[in-house]
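Only heavy atoms go into these numbers, but all of them, side chains included; no hydrogens, no water, no symmetry mates. Computed from a predicted model, the values in this text were never measured in an experiment. Chain A is the first sequence line, chain B the second, and so forth, proteins listed ahead of strands; every chain is numbered from 1.
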2 protein chains.
Amino acid sequence: MTGKQFSSVWTRDPRPAKSPGRSREEIVRAAMELLDAEGLDGLSMRKLGAKLDAGATSLYWYVANKRELLELVYDEIWGEMTVPPEETKWWRQTAGAFAHSMRRVMLRHPWSAGLIGRTPALGPNALEVTSRLTRAFKGAGFRGLEIDYAASTLTAFVFGTTIPEVAYNEAMARDPLDEDSMREAVERAAAAHPDLLERMRESKPADLRESREMMFTFGLAAVLDGLEARLTA
Amino acid sequence: MTGKQFSSVWTRDPRPAKSPGRSREEIVRAAMELLDAEGLDGLSMRKLGAKLDAGATSLYWYVANKRELLELVYDEIWGEMTVPPEETKWWRQTAGAFAHSMRRVMLRHPWSAGLIGRTPALGPNALEVTSRLTRAFKGAGFRGLEIDYAASTLTAFVFGTTIPEVAYNEAMARDPLDEDSMREAVERAAAAHPDLLERMRESKPADLRESREMMFTFGLAAVLDGLEARLTA
DNA sequence: ACCTGAACACCGTTCAAGT
DNA sequence: ACCTGAACACCGTTCAAGT
(Lines give C-alpha, C1' and ligand atoms only; values in the text may rest on other atoms or scores of the structure.)
Protein backbone atom coordinates (compact mmCIF):
# COMPACT_ATOMS: atom_id res chain seq x y z
CA MET A 1 0.00 0.00 0.00
CA THR A 2 1.85 3.07 -1.22
CA GLY A 3 -1.07 5.46 -1.25
CA LYS A 4 -4.80 5.73 -1.12
CA GLN A 5 -7.28 4.06 -3.39
CA PHE A 6 -7.61 5.28 -6.94
CA SER A 7 -10.96 6.89 -7.42
CA SER A 8 -12.82 8.00 -10.50
CA VAL A 9 -16.45 8.19 -11.46
CA TRP A 10 -15.87 5.10 -13.49
CA THR A 11 -14.68 3.04 -10.57
CA ARG A 12 -17.62 3.78 -8.30
CA ASP A 13 -21.12 2.45 -8.80
CA PRO A 14 -23.48 5.24 -9.78
CA ARG A 15 -26.64 6.01 -7.86
CA PRO A 16 -29.43 3.54 -8.65
CA ALA A 17 -31.23 6.21 -10.71
CA LYS A 18 -34.79 5.52 -9.67
CA SER A 19 -37.78 7.15 -11.21
CA PRO A 20 -38.06 10.38 -9.25
CA GLY A 21 -35.45 13.05 -9.05
CA ARG A 22 -32.77 13.83 -11.57
CA SER A 23 -30.47 11.44 -13.32
CA ARG A 24 -26.85 11.51 -14.29
CA GLU A 25 -27.80 11.65 -17.96
CA GLU A 26 -29.91 14.72 -17.38
CA ILE A 27 -27.18 16.40 -15.39
CA VAL A 28 -24.50 15.61 -17.92
CA ARG A 29 -26.67 16.90 -20.77
CA ALA A 30 -27.31 20.16 -18.95
CA ALA A 31 -23.63 20.48 -18.10
CA MET A 32 -22.66 20.09 -21.74
CA GLU A 33 -25.14 22.77 -22.76
CA LEU A 34 -23.68 25.10 -20.19
CA LEU A 35 -20.16 24.26 -21.31
CA ASP A 36 -20.96 24.79 -24.97
CA ALA A 37 -22.59 28.10 -24.15
CA GLU A 38 -20.17 29.50 -21.60
CA GLY A 39 -16.99 27.48 -21.72
CA LEU A 40 -15.10 25.63 -19.04
CA ASP A 41 -15.03 28.61 -16.69
CA GLY A 42 -18.73 29.16 -17.25
CA LEU A 43 -19.65 25.88 -15.63
CA SER A 44 -20.27 26.16 -11.93
CA MET A 45 -22.20 23.85 -9.68
CA ARG A 46 -24.41 26.78 -8.78
CA LYS A 47 -25.27 27.68 -12.36
CA LEU A 48 -25.81 24.06 -13.25
CA GLY A 49 -28.12 23.63 -10.28
CA ALA A 50 -30.11 26.68 -11.31
CA LYS A 51 -30.41 25.40 -14.88
CA LEU A 52 -31.95 22.23 -13.50
CA ASP A 53 -34.29 24.11 -11.16
CA ALA A 54 -32.45 22.63 -8.25
CA GLY A 55 -30.63 23.94 -5.28
CA ALA A 56 -26.99 24.59 -5.92
CA THR A 57 -25.92 21.62 -3.86
CA SER A 58 -28.43 19.00 -4.94
CA LEU A 59 -26.02 17.74 -7.56
CA TYR A 60 -23.78 16.33 -4.90
CA TRP A 61 -26.23 13.54 -4.52
CA TYR A 62 -25.40 12.29 -7.99
CA VAL A 63 -21.80 13.20 -8.26
CA ALA A 64 -19.07 13.27 -5.63
CA ASN A 65 -17.61 16.56 -6.78
CA LYS A 66 -17.03 18.76 -9.77
CA ARG A 67 -14.08 16.71 -10.96
CA GLU A 68 -16.30 13.68 -11.32
CA LEU A 69 -18.86 15.67 -13.23
CA LEU A 70 -16.11 16.69 -15.62
CA GLU A 71 -15.02 13.08 -16.01
CA LEU A 72 -18.56 12.35 -17.09
CA VAL A 73 -18.86 15.10 -19.67
CA TYR A 74 -15.35 14.32 -20.83
CA ASP A 75 -16.39 10.86 -21.88
CA GLU A 76 -19.17 12.34 -23.99
CA ILE A 77 -16.45 14.00 -26.01
CA TRP A 78 -14.90 10.67 -26.81
CA GLY A 79 -18.31 9.46 -27.80
CA GLU A 80 -18.40 12.02 -30.58
CA MET A 81 -15.13 10.88 -32.10
CA THR A 82 -15.15 8.29 -34.83
CA VAL A 83 -12.64 5.58 -35.63
CA PRO A 84 -13.54 3.72 -38.81
CA PRO A 85 -13.95 -0.07 -38.35
CA GLU A 86 -10.60 -1.74 -38.38
CA GLU A 87 -11.19 -4.25 -41.13
CA THR A 88 -9.36 -2.09 -43.64
CA LYS A 89 -5.68 -2.67 -44.09
CA TRP A 90 -5.30 1.03 -44.75
CA TRP A 91 -4.32 2.03 -41.26
CA ARG A 92 -3.25 5.44 -42.48
CA GLN A 93 -6.81 6.20 -43.45
CA THR A 94 -8.11 4.92 -40.16
CA ALA A 95 -5.60 6.93 -38.18
CA GLY A 96 -6.12 10.01 -40.33
CA ALA A 97 -9.88 9.83 -40.08
CA PHE A 98 -9.62 9.57 -36.32
CA ALA A 99 -7.25 12.53 -36.15
CA HIS A 100 -9.56 14.74 -38.17
CA SER A 101 -12.52 13.60 -36.15
CA MET A 102 -10.77 14.35 -32.87
CA ARG A 103 -9.89 17.83 -34.05
CA ARG A 104 -13.41 18.52 -35.23
CA VAL A 105 -14.84 17.46 -31.89
CA MET A 106 -12.44 19.77 -30.07
CA LEU A 107 -13.38 22.67 -32.30
CA ARG A 108 -17.06 21.93 -31.76
CA HIS A 109 -16.69 21.75 -27.97
CA PRO A 110 -13.84 24.16 -27.22
CA TRP A 111 -14.00 23.48 -23.49
CA SER A 112 -12.86 19.93 -24.16
CA ALA A 113 -9.40 21.29 -24.94
CA GLY A 114 -9.02 22.05 -21.25
CA LEU A 115 -9.87 18.49 -20.29
CA ILE A 116 -8.07 16.37 -22.85
CA GLY A 117 -4.85 14.96 -21.51
CA ARG A 118 -5.62 16.11 -17.99
CA THR A 119 -8.63 13.98 -17.15
CA PRO A 120 -8.38 10.20 -16.84
CA ALA A 121 -9.95 8.72 -19.96
CA LEU A 122 -11.57 5.67 -18.42
CA GLY A 123 -15.15 6.12 -19.54
CA PRO A 124 -16.78 3.62 -21.89
CA ASN A 125 -16.52 5.90 -24.90
CA ALA A 126 -12.87 6.69 -24.32
CA LEU A 127 -12.07 3.01 -23.92
CA GLU A 128 -13.95 2.14 -27.08
CA VAL A 129 -11.99 4.70 -29.09
CA THR A 130 -8.67 3.67 -27.55
CA SER A 131 -9.44 0.06 -28.27
CA ARG A 132 -10.26 0.68 -31.92
CA LEU A 133 -7.16 2.75 -32.31
CA THR A 134 -5.07 0.04 -30.70
CA ARG A 135 -6.43 -2.52 -33.12
CA ALA A 136 -5.75 -0.24 -36.06
CA PHE A 137 -2.11 0.19 -35.14
CA LYS A 138 -1.77 -3.48 -34.42
CA GLY A 139 -3.22 -4.19 -37.82
CA ALA A 140 -0.65 -1.85 -39.28
CA GLY A 141 2.09 -4.03 -37.94
CA PHE A 142 3.14 -2.36 -34.72
CA ARG A 143 3.98 -4.71 -31.90
CA GLY A 144 4.19 -4.54 -28.12
CA LEU A 145 4.83 -1.17 -26.56
CA GLU A 146 5.14 0.48 -29.93
CA ILE A 147 1.40 0.11 -30.39
CA ASP A 148 0.92 2.49 -27.48
CA TYR A 149 3.75 4.75 -28.55
CA ALA A 150 2.35 5.11 -32.04
CA ALA A 151 -1.16 5.86 -30.81
CA SER A 152 0.13 8.36 -28.26
CA THR A 153 2.22 10.13 -30.86
CA LEU A 154 -0.80 10.58 -33.05
CA THR A 155 -3.13 11.89 -30.35
CA ALA A 156 -0.36 14.10 -28.94
CA PHE A 157 -0.04 15.73 -32.33
CA VAL A 158 -3.76 16.24 -32.67
CA PHE A 159 -4.42 17.90 -29.40
CA GLY A 160 -1.09 19.66 -29.33
CA THR A 161 -2.12 21.36 -32.57
CA THR A 162 -5.71 21.92 -31.67
CA ILE A 163 -5.32 23.38 -28.20
CA PRO A 164 -3.76 26.63 -29.46
CA GLU A 165 -6.32 26.80 -32.21
CA VAL A 166 -9.14 26.50 -29.74
CA ALA A 167 -7.51 28.94 -27.33
CA TYR A 168 -7.29 31.53 -30.08
CA ASN A 169 -10.91 31.01 -31.10
CA GLU A 170 -12.04 31.30 -27.50
CA ALA A 171 -10.10 34.47 -26.86
CA MET A 172 -11.56 35.96 -30.00
CA ALA A 173 -15.07 34.94 -29.05
CA ARG A 174 -14.68 36.39 -25.57
CA ASP A 175 -13.67 39.77 -26.92
CA PRO A 176 -13.24 40.17 -30.62
CA LEU A 177 -10.01 41.87 -31.48
CA ASP A 178 -9.24 44.13 -34.30
CA GLU A 179 -7.04 42.09 -36.60
CA ASP A 180 -4.93 45.02 -37.73
CA SER A 181 -4.16 46.20 -34.24
CA MET A 182 -3.22 42.68 -33.29
CA ARG A 183 -0.97 42.28 -36.24
CA GLU A 184 0.66 45.58 -35.52
CA ALA A 185 1.18 44.70 -31.86
CA VAL A 186 2.77 41.41 -32.77
CA GLU A 187 5.00 43.06 -35.35
CA ARG A 188 6.12 45.57 -32.78
CA ALA A 189 6.93 42.82 -30.32
CA ALA A 190 8.90 40.94 -32.94
CA ALA A 191 10.73 44.02 -34.15
CA ALA A 192 14.10 42.66 -33.08
CA HIS A 193 13.68 39.43 -35.02
CA PRO A 194 13.83 40.03 -38.77
CA ASP A 195 13.27 36.38 -39.59
CA LEU A 196 10.03 36.37 -37.63
CA LEU A 197 8.83 39.54 -39.28
CA GLU A 198 9.57 38.03 -42.65
CA ARG A 199 7.57 34.93 -41.72
CA MET A 200 4.65 37.04 -40.53
CA ARG A 201 4.49 39.11 -43.66
CA GLU A 202 4.59 36.04 -45.83
CA SER A 203 1.67 34.44 -44.06
CA LYS A 204 -1.18 36.70 -45.00
CA PRO A 205 -4.13 36.68 -42.66
CA ALA A 206 -6.16 35.79 -45.77
CA ASP A 207 -8.18 32.85 -44.62
CA LEU A 208 -7.16 31.81 -41.15
CA ARG A 209 -9.38 28.79 -41.11
CA GLU A 210 -7.95 27.45 -44.31
CA SER A 211 -4.35 27.98 -43.31
CA ARG A 212 -4.94 26.00 -40.13
CA GLU A 213 -6.43 23.23 -42.18
CA MET A 214 -3.28 23.21 -44.27
CA MET A 215 -1.07 23.18 -41.23
CA PHE A 216 -3.02 20.28 -39.78
CA THR A 217 -2.86 18.30 -43.00
CA PHE A 218 0.85 18.95 -43.33
CA GLY A 219 1.61 17.87 -39.77
CA LEU A 220 -0.65 14.85 -39.92
CA ALA A 221 1.03 13.62 -43.08
CA ALA A 222 4.41 14.09 -41.43
CA VAL A 223 3.38 12.17 -38.32
CA LEU A 224 1.92 9.30 -40.33
CA ASP A 225 4.98 9.17 -42.57
CA GLY A 226 7.17 9.07 -39.51
CA LEU A 227 5.17 6.26 -37.97
CA GLU A 228 5.27 4.32 -41.18
CA ALA A 229 9.03 4.70 -41.26
CA ARG A 230 9.20 3.12 -37.82
CA LEU A 231 7.25 0.19 -39.17
CA THR A 232 9.57 -0.83 -41.95
CA ALA A 233 12.72 -0.22 -39.93
CA MET B 1 -12.21 48.17 -37.04
CA THR B 2 -13.70 44.77 -36.42
CA GLY B 3 -13.08 44.60 -32.70
CA LYS B 4 -11.28 46.18 -29.84
CA GLN B 5 -7.57 46.67 -29.53
CA PHE B 6 -5.37 43.70 -28.92
CA SER B 7 -3.86 43.89 -25.47
CA SER B 8 -1.12 41.94 -23.81
CA VAL B 9 1.50 42.76 -21.22
CA TRP B 10 3.96 42.90 -24.03
CA THR B 11 2.12 45.60 -25.90
CA ARG B 12 1.81 47.99 -23.01
CA ASP B 13 4.64 49.96 -21.48
CA PRO B 14 5.44 48.67 -18.00
CA ARG B 15 5.51 50.92 -14.98
CA PRO B 16 8.68 53.02 -14.82
CA ALA B 17 9.99 50.87 -11.95
CA LYS B 18 11.47 53.52 -9.77
CA SER B 19 13.55 52.80 -6.74
CA PRO B 20 10.90 52.43 -4.05
CA GLY B 21 8.16 49.86 -4.02
CA ARG B 22 8.14 46.52 -5.71
CA SER B 23 9.13 45.69 -9.23
CA ARG B 24 7.80 43.41 -11.88
CA GLU B 25 10.86 41.21 -11.60
CA GLU B 26 10.32 40.74 -7.91
CA ILE B 27 6.66 39.94 -8.41
CA VAL B 28 7.32 37.49 -11.21
CA ARG B 29 9.98 35.74 -9.17
CA ALA B 30 7.65 35.37 -6.21
CA ALA B 31 4.87 34.18 -8.49
CA MET B 32 7.09 31.47 -9.92
CA GLU B 33 8.04 30.29 -6.46
CA LEU B 34 4.41 30.08 -5.54
CA LEU B 35 3.62 28.25 -8.77
CA ASP B 36 6.44 25.76 -8.32
CA ALA B 37 5.31 25.12 -4.77
CA GLU B 38 1.56 25.03 -5.19
CA GLY B 39 0.75 24.72 -8.87
CA LEU B 40 -1.40 26.83 -11.13
CA ASP B 41 -4.40 26.69 -8.83
CA GLY B 42 -2.21 27.59 -5.90
CA LEU B 43 -1.43 31.01 -7.28
CA SER B 44 -3.85 33.66 -6.15
CA MET B 45 -3.39 37.39 -6.05
CA ARG B 46 -4.04 37.26 -2.34
CA LYS B 47 -1.42 34.66 -1.59
CA LEU B 48 1.07 36.36 -3.83
CA GLY B 49 0.43 39.66 -2.09
CA ALA B 50 0.94 38.04 1.31
CA LYS B 51 4.20 36.48 0.15
CA LEU B 52 5.44 39.93 -0.76
CA ASP B 53 4.25 41.44 2.52
CA ALA B 54 1.83 43.54 0.58
CA GLY B 55 -1.90 44.02 0.59
CA ALA B 56 -3.70 41.62 -1.65
CA THR B 57 -4.51 44.29 -4.17
CA SER B 58 -1.22 46.17 -4.34
CA LEU B 59 -0.13 44.07 -7.27
CA TYR B 60 -2.68 45.73 -9.48
CA TRP B 61 -0.37 48.68 -9.62
CA TYR B 62 2.18 46.64 -11.54
CA VAL B 63 0.00 44.36 -13.52
CA ALA B 64 -3.40 44.95 -15.08
CA ASN B 65 -4.82 41.61 -13.99
CA LYS B 66 -3.96 38.03 -13.28
CA ARG B 67 -3.85 37.10 -16.95
CA GLU B 68 -1.06 39.59 -17.50
CA LEU B 69 0.85 38.21 -14.55
CA LEU B 70 0.60 34.80 -16.13
CA GLU B 71 1.85 36.15 -19.44
CA LEU B 72 4.87 37.38 -17.56
CA VAL B 73 5.70 34.12 -15.80
CA TYR B 74 4.92 32.27 -18.99
CA ASP B 75 7.74 34.00 -20.77
CA GLU B 76 10.14 32.89 -18.05
CA ILE B 77 9.36 29.35 -19.09
CA TRP B 78 10.51 30.07 -22.61
CA GLY B 79 13.63 31.57 -21.15
CA GLU B 80 14.55 28.20 -19.69
CA MET B 81 14.33 26.40 -23.00
CA THR B 82 17.41 26.04 -25.12
CA VAL B 83 17.77 25.97 -28.87
CA PRO B 84 21.34 25.23 -29.94
CA PRO B 85 22.88 27.91 -32.19
CA GLU B 86 21.76 27.42 -35.73
CA GLU B 87 25.13 27.24 -37.45
CA THR B 88 24.96 23.47 -37.57
CA LYS B 89 23.51 21.89 -40.65
CA TRP B 90 22.19 19.13 -38.44
CA TRP B 91 18.74 20.54 -37.99
CA ARG B 92 17.54 17.24 -36.58
CA GLN B 93 19.85 17.67 -33.64
CA THR B 94 18.79 21.26 -33.14
CA ALA B 95 15.12 20.36 -33.30
CA GLY B 96 15.60 17.32 -31.11
CA ALA B 97 17.56 19.22 -28.50
CA PHE B 98 14.86 21.86 -28.37
CA ALA B 99 12.16 19.23 -28.01
CA HIS B 100 13.90 17.56 -25.09
CA SER B 101 14.58 20.89 -23.50
CA MET B 102 10.97 21.96 -23.81
CA ARG B 103 9.82 18.75 -22.20
CA ARG B 104 12.29 19.05 -19.36
CA VAL B 105 11.16 22.59 -18.62
CA MET B 106 7.54 21.48 -18.52
CA LEU B 107 8.39 18.65 -16.14
CA ARG B 108 10.36 21.06 -13.96
CA HIS B 109 7.53 23.60 -13.84
CA PRO B 110 4.38 21.50 -14.12
CA TRP B 111 2.12 24.54 -13.98
CA SER B 112 3.49 25.64 -17.34
CA ALA B 113 1.55 22.81 -18.96
CA GLY B 114 -1.62 24.75 -18.22
CA LEU B 115 -0.30 27.84 -19.95
CA ILE B 116 1.46 26.52 -23.03
CA GLY B 117 -0.66 26.87 -26.11
CA ARG B 118 -3.24 28.96 -24.30
CA THR B 119 -1.25 32.08 -23.53
CA PRO B 120 0.02 34.38 -26.27
CA ALA B 121 3.76 33.75 -26.58
CA LEU B 122 4.86 37.29 -27.33
CA GLY B 123 7.43 37.84 -24.62
CA PRO B 124 11.10 38.36 -25.49
CA ASN B 125 12.13 34.85 -24.49
CA ALA B 126 9.35 33.21 -26.47
CA LEU B 127 10.22 35.26 -29.52
CA GLU B 128 13.88 34.42 -29.20
CA VAL B 129 13.13 30.69 -29.09
CA THR B 130 10.65 30.92 -31.96
CA SER B 131 13.14 32.85 -33.99
CA ARG B 132 15.93 30.33 -33.46
CA LEU B 133 13.60 27.50 -34.30
CA THR B 134 12.49 29.28 -37.44
CA ARG B 135 16.07 29.69 -38.55
CA ALA B 136 16.80 26.05 -37.85
CA PHE B 137 13.95 24.86 -40.04
CA LYS B 138 14.84 27.32 -42.70
CA GLY B 139 18.38 26.03 -42.62
CA ALA B 140 16.98 22.54 -43.00
CA GLY B 141 15.48 23.55 -46.30
CA PHE B 142 11.87 24.34 -45.47
CA ARG B 143 10.41 27.26 -47.33
CA GLY B 144 7.54 29.70 -46.86
CA LEU B 145 4.61 28.54 -44.80
CA GLU B 146 6.12 25.12 -44.32
CA ILE B 147 8.67 26.64 -41.98
CA ASP B 148 5.82 27.47 -39.60
CA TYR B 149 4.06 24.20 -40.21
CA ALA B 150 7.14 22.19 -39.41
CA ALA B 151 7.88 24.13 -36.24
CA SER B 152 4.27 23.87 -35.10
CA THR B 153 4.21 20.16 -35.71
CA LEU B 154 7.23 19.69 -33.53
CA THR B 155 6.01 21.81 -30.62
CA ALA B 156 2.54 20.28 -30.88
CA PHE B 157 4.07 16.87 -30.44
CA VAL B 158 6.15 17.96 -27.48
CA PHE B 159 3.44 19.54 -25.45
CA GLY B 160 0.80 17.12 -26.60
CA THR B 161 2.94 14.35 -25.12
CA THR B 162 4.04 16.20 -22.05
CA ILE B 163 0.71 17.57 -20.85
CA PRO B 164 -0.67 14.14 -19.90
CA GLU B 165 2.64 13.25 -18.32
CA VAL B 166 2.56 16.35 -16.18
CA ALA B 167 -1.11 15.89 -15.35
CA TYR B 168 -0.40 12.40 -14.08
CA ASN B 169 2.53 13.57 -11.98
CA GLU B 170 0.47 16.38 -10.52
CA ALA B 171 -2.42 14.12 -9.64
CA MET B 172 -0.03 11.73 -7.97
CA ALA B 173 1.67 14.51 -6.04
CA ARG B 174 -1.68 15.87 -4.87
CA ASP B 175 -2.72 12.55 -3.46
CA PRO B 176 -0.50 9.57 -3.97
CA LEU B 177 -2.41 6.58 -5.21
CA ASP B 178 -1.81 2.99 -4.57
CA GLU B 179 -0.51 1.64 -7.84
CA ASP B 180 -2.14 -1.76 -7.47
CA SER B 181 -5.56 -0.36 -6.73
CA MET B 182 -5.21 1.92 -9.72
CA ARG B 183 -4.17 -0.86 -12.00
CA GLU B 184 -7.03 -2.98 -10.78
CA ALA B 185 -9.53 -0.18 -11.28
CA VAL B 186 -8.35 0.42 -14.79
CA GLU B 187 -8.45 -3.27 -15.58
CA ARG B 188 -11.99 -3.45 -14.32
CA ALA B 189 -13.00 -0.49 -16.47
CA ALA B 190 -11.38 -2.07 -19.53
CA ALA B 191 -12.88 -5.49 -18.85
CA ALA B 192 -14.90 -5.43 -22.06
CA HIS B 193 -11.87 -4.70 -24.24
CA PRO B 194 -9.55 -7.71 -24.42
CA ASP B 195 -7.08 -5.91 -26.64
CA LEU B 196 -6.68 -3.14 -24.08
CA LEU B 197 -6.21 -5.61 -21.27
CA GLU B 198 -3.57 -7.37 -23.28
CA ARG B 199 -1.78 -4.07 -23.84
CA MET B 200 -1.92 -3.21 -20.16
CA ARG B 201 -0.51 -6.48 -19.04
CA GLU B 202 2.31 -6.25 -21.51
CA SER B 203 3.37 -2.82 -20.30
CA LYS B 204 4.61 -3.52 -16.82
CA PRO B 205 4.59 -0.62 -14.42
CA ALA B 206 8.33 -1.37 -14.02
CA ASP B 207 9.87 2.00 -14.50
CA LEU B 208 7.29 4.54 -15.47
CA ARG B 209 9.80 7.30 -15.94
CA GLU B 210 11.86 5.25 -18.31
CA SER B 211 8.94 4.07 -20.38
CA ARG B 212 7.88 7.67 -20.88
CA GLU B 213 11.34 8.52 -22.00
CA MET B 214 11.12 5.72 -24.54
CA MET B 215 7.75 6.88 -25.73
CA PHE B 216 9.04 10.41 -26.16
CA THR B 217 12.11 9.27 -28.04
CA PHE B 218 10.02 7.05 -30.29
CA GLY B 219 7.53 9.79 -31.10
CA LEU B 220 10.18 12.42 -31.60
CA ALA B 221 12.06 10.23 -34.06
CA ALA B 222 8.82 9.63 -35.92
CA VAL B 223 8.00 13.33 -36.11
CA LEU B 224 11.49 14.24 -37.31
CA ASP B 225 11.44 11.45 -39.88
CA GLY B 226 8.11 12.67 -41.10
CA LEU B 227 9.33 16.23 -41.40
CA GLU B 228 12.42 15.09 -43.24
CA ALA B 229 10.24 13.18 -45.67
CA ARG B 230 8.38 16.40 -46.42
CA LEU B 231 11.68 18.00 -47.24
CA THR B 232 12.80 15.69 -49.97
CA ALA B 233 9.36 15.37 -51.53
C1' DA C 1 -34.20 8.49 -1.24
C1' DC C 2 -33.66 12.96 -2.43
C1' DC C 3 -33.31 17.99 -1.72
C1' DT C 4 -32.53 22.32 0.82
C1' DG C 5 -30.18 26.60 2.89
C1' DA C 6 -26.82 28.26 5.69
C1' DA C 7 -22.17 28.44 6.37
C1' DC C 8 -17.05 28.12 5.51
C1' DA C 9 -13.13 29.21 3.22
C1' DC C 10 -11.89 30.77 -0.61
C1' DC C 11 -11.54 33.57 -5.44
C1' DG C 12 -10.44 38.24 -8.95
C1' DT C 13 -11.22 42.89 -9.23
C1' DT C 14 -12.77 47.86 -8.33
C1' DC C 15 -12.36 51.91 -6.05
C1' DA C 16 -12.25 55.58 -2.80
C1' DA C 17 -9.14 56.78 0.49
C1' DG C 18 -4.76 57.20 2.46
C1' DT C 19 0.55 58.48 2.51
C1' DA D 1 3.82 57.34 -6.95
C1' DC D 2 2.48 53.68 -4.43
C1' DC D 3 -0.38 51.08 -1.13
C1' DT D 4 -4.50 49.97 1.66
C1' DG D 5 -9.11 47.92 3.23
C1' DA D 6 -13.67 47.40 2.34
C1' DA D 7 -16.79 45.74 -0.77
C1' DC D 8 -18.89 43.12 -4.75
C1' DA D 9 -19.88 39.22 -7.10
C1' DC D 10 -18.52 35.13 -7.43
C1' DC D 11 -16.49 30.02 -6.37
C1' DG D 12 -16.61 24.40 -4.43
C1' DT D 13 -17.99 21.84 -0.71
C1' DT D 14 -19.93 20.23 3.93
C1' DC D 15 -23.54 19.25 6.73
C1' DA D 16 -27.51 19.31 9.63
C1' DA D 17 -32.10 19.54 8.65
C1' DG D 18 -36.10 18.76 6.07
C1' DT D 19 -39.61 15.76 3.18
Between D:dC3 and C:dC15 - C1' atom distance, rounded Å: 13 Å
Residues B:Asp195 and A:Thr134: side-chain donor-acceptor under 3.5 angstrom: no
Heavy atoms only, 4.0 Å cut-off, all strands: where does B:Ala56 land among base, sugar-phosphate and nothing? nothing
Partner nucleotide, any strand, of D:dA6 [Watson-Crick/G-U, under 3.5 Å]: C:dT14
Value for CG (B:Asp75) from CH2 (B:Trp10), rounded to nearest 0.5 Å, stands at 4.0 Å
Quick one: is D:dC2 close enough that its OP1 or OP2 comes under 4.0 Å of any side-chain N or O from B:Tyr62? no
Looking across every strand, which nucleic acid part, if any, lies under 4.0 Å from B:Ser58 by heavy atom: base, sugar-phosphate, or nothing? base
Is it the case that the side chain of B:Ser101 and the backbone of B:Ala97 share a donor-acceptor pair, with hydrogens and angles ignored and the cut-off at 3.5 Å? no
Think B:Arg22 has a side-chain N or O under 4.0 angstrom from the OP1 or OP2 of D:dC3? yes
Side chain proximity check, A:Arg103 to A:Arg212, heavy atoms < 4.5 angstrom: yes
Please give the nucleotide sitting opposite C:dA1 as a Watson-Crick or G-U wobble pair, both distances under 3.5 Å, or none. D:dT19
Residue whose closest nucleotide on DNA chain D lies nearer the 5' end, A:Lys47 versus B:Gly55: B:Gly55
Considering only heavy atoms and no angle criterion, is a donor-acceptor pair shorter than 3.5 Å present between the side chain of B:Thr57 and the base of C:dG12? no
Any side-chain N or O of B:Trp61 below 4.0 angstrom from OP1/OP2 of D:dC3? no
Can you measure B:Leu69 atom CG to C:dT13 atom C1' for me and round it to whole angstrom units? 14 Å
Distance between C1' atoms of C:dC11 and D:dA7 (Å, rounded): 14 Å
Hey, does A:Leu43 reach any base, or is it just sugar-phosphate, or nothing, if we go heavy atoms under 4.0 Å? sugar-phosphate
With respect to the phosphate group of C:dG12, does any side-chain polar atom (N or O) of B:Arg67 fall under 4.0 Å of OP1 or OP2? no
